[in-house]
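Note sheet for the following structure.
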Protein chains: 2
Amino acid sequence: MTDETELPGQVALLWGLRETVRRGRKPSLTVADIARAAVEVADAEGLAAVSMAKVAARLGNSTMALYRYVKSKDELLLLMSDEAMAERPDLPDGLDWRTALTLWTQGLLAGLRRHPWTAQIPISGPPVGPNNLWWFDRALRALGDTGLDEGDKVGVVMGLITFLHGRLRLGIELSAGYAENPEAFGGQYGRALTRVADAHRYPALNKVIAAGVFEGDVGYDEEADGAFGLGLYLDGVAAFIERRTVGPE
Amino acid sequence: MTDETELPGQVALLWGLRETVRRGRKPSLTVADIARAAVEVADAEGLAAVSMAKVAARLGNSTMALYRYVKSKDELLLLMSDEAMAERPDLPDGLDWRTALTLWTQGLLAGLRRHPWTAQIPISGPPVGPNNLWWFDRALRALGDTGLDEGDKVGVVMGLITFLHGRLRLGIELSAGYAENPEAFGGQYGRALTRVADAHRYPALNKVIAAGVFEGDVGYDEEADGAFGLGLYLDGVAAFIERRTVGPE
DNA sequence: CCCCGATGCGTATGGGCTACGCTATTTGGC
DNA sequence: GCCAAATAGCGTAGCCCATACGCATCGGGG
């Protein structure tokens, strides 16, 4: 029971733990090279443009050479989703939990904005890559001195991550769509809705439209919602911490 | 300015507003038929299995026939993402906002659990389909008598939807992965982490592991997080409503 | 009754993933 | 020094996919 529980292959892959080899031709690539090249393609041309052939070409190898490093394209996608979070900002220690989590969120979102395609990669399991775990650890650390027990900390962080994944999809993906196709938004949006959503069946929606909320651009104001939705969640966390630390102990 | 501002083609498609035709052969399908068939395929075999050929076969038509109704596969995906929310539960009126939003959330999540692939469809614009707008309207209605102004209501609902999208990805997609591949989770998860995440670089994470939070199954407890994360957000909303209605007016 | 216009669809093109087997390269053991 | 084993690199080919194009087919208006 000391050591050799076999690691799930994908975990080993993410951490670069390949058995040191003796015989045979030397590898000309590393798994990390491949992940980086794939991320570059996705950043430049979108996730749909990531093909084994294109990634291989960027590395100066043939398509099939990649399969010596990666079992399938799905494995490559897994690598990419860890590589996308590779940029780790400086997060100073010793801040109060709310400031720390706000900075953490901003840092994470900044990274995700650089790789908006992460939202399109299906999630196949809990986080196991080194970069994902680093972010997880830093969020837990921010809650270090709140007096919450470890299980509650995980709950709070999971909730926050949950929120951010939604933010990624709605905010970032939506603004990417906006950048590509502004005429679908703009004043047209509210006007199209009135044409189609009659007041009888959608009363609350029509009240919003009548109040002019959708006038002008609907480009999803990052700043506003970032402060808004996240702020509300953190308010809830604050209330939770108070409840927990006043009650027991 | 009375009427004929051209609707964006995709909006017309979603609402079934095609010009009534006079001459020519009769269509054997409707756009709704196609959307339904595509949803059935995705439910049964996953989004990746949705191909024009498979959808057409299920309808007894040839592949190319679909292109008389839909310009591209992307348009079909748009139709699917509205069709996936077609089931509209009874949401009683006259509840307080918090109960109403909780019920709303549960109803929405129940639908999404039946169509977990929705998380993988890229978002290309604001909601325009009839079903999406129905859900939007009902959430706004739940906030009807809170005294918030219309813009704030939209903010709260957007935040909630943001949260739910994350929930969809992390909760639902993750449990789908769990169902397919339980051995990647289970007790193995915590154990794999200790093998790989050394205590020096991930101190907060290791404290959590040491506390036994990851013992047993990590199947992402739907109930727990549903109440947990959502509850925290709603607590924040409650504080917000209080602030807003006490301050002005 | 005929013909215009719309639908249905067969074919072809260009791309994608990946199984398979051959070649090239490296090194451990003798 | 040399061989054999082990490994990397990759060309080929099979299969599936989205979709452009052109022709066959149908149905109602004149």
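The chains referred to below are lettered A, B, ... by the order of the sequence lines, with proteins before strands, and numbering in each begins at 1. All figures in this text were calculated on a predicted structure; none of them were measured in a lab.
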Please list, chain by chain and in numerical order, all residues satisfying side-chain hydrogen bond (donor to acceptor under 3.5 Å, both in side chains) with B/Arg25, sequence neighbours excluded.
-> none
Qualifying residues under side-chain hydrogen bond (donor to acceptor under 3.5 Å, both in side chains), relative to A/Asn132, sequence neighbours excluded | A/Asp82
Would you indicate what A/Met52 reaches in the nucleic acid, counting non-hydrogen atoms under 4.0 angstrom: base, sugar-phosphate, or nothing?
-> sugar-phosphate
How many whole angstroms separate atom [atom1] of [X] from atom [atom2] of [N]?
X	N	atom1	atom2	result
B/Leu66	C/dG10	CG	P	13 Å
B/Tyr67	C/dT7	OH	C1'	16 Å
B/Arg68	D/dC23	CZ	C1'	11 Å
A/Asp74	C/dG16	CG	P	16 Å
A/Lys26	C/dT25	NZ	P	14 Å
A/Ile34	C/dC17	CD1	P	14 Å

Checking the side chain of [X] only, and the main-chain atoms of [Y] only, is there a donor and an acceptor separated by less than 3.5 Å?
X	Y	result
A/Tyr69	A/Leu29	yes
A/Trp134	B/Arg201	no
B/Asp33	B/Thr30	yes

Do A/Arg25 and C/dT25 share a donor-acceptor pair, side chain to base, under 3.5 Å?
-> no
Check DNA chain D against residues 54-63 of chain A and give the residues with a non-hydrogen atom under 4.0 Å, in numerical order.
-> A/Asn61, A/Ser62
For DNA chain D, which residues in residues 37-47 of chain B have a heavy atom at a distance below 4.0 Å?
-> none
Taking the nucleotide of DNA chain D with the closest heavy atom to each, which residue, A/Ser28 or B/Lys73, is nearer the 5' end?
-> A/Ser28
Choosing from [options], which nucleotide comes nearest the side chain of [X]?
X	options	result
B/Arg23	D/dG27, D/dT19, C/dC17	D/dG27
A/Met64	C/dG8, C/dG21, C/dC20	C/dC20
B/Tyr69	C/dC17, D/dG28, C/dG8	C/dG8

Below 3.5 Å, can you tabulate the donor-acceptor pairs from side chains in residues 70-79 of chain A to any protein atom, sequence neighbours excluded?
{"from": "A/Ser72", "atom 1": "OG", "to": "A/Asp74", "atom 2": "N", "distance (Å)": "3.3"}
{"from": "A/Ser72", "atom 1": "OG", "to": "A/Glu75", "atom 2": "N", "distance (Å)": "3.4"}
{"from": "A/Lys73", "atom 1": "NZ", "to": "A/Val50", "atom 2": "O", "distance (Å)": "2.8"}
{"from": "A/Glu75", "atom 1": "OE1", "to": "A/Lys71", "atom 2": "N", "distance (Å)": "3.0"}

Can you tell me how far the CZ atom of B/Phe136 sits from the CG atom of A/Leu193, to the nearest 0.5 Å?
-> 8.5 Å
Return the set of residues passing side-chain contact (heavy atoms from CB on, under 4.5 Å) with A/Val39 (not counting sequence neighbours), or none when no residue passes.
-> A/Asp43, A/Met80, A/Glu83, A/His115, A/Trp117
Kindly indicate whether the side chain of B/Asn131, heavy atoms from C-beta on, has any atom under 4.5 Å from the side chain of B/Leu14.
-> no
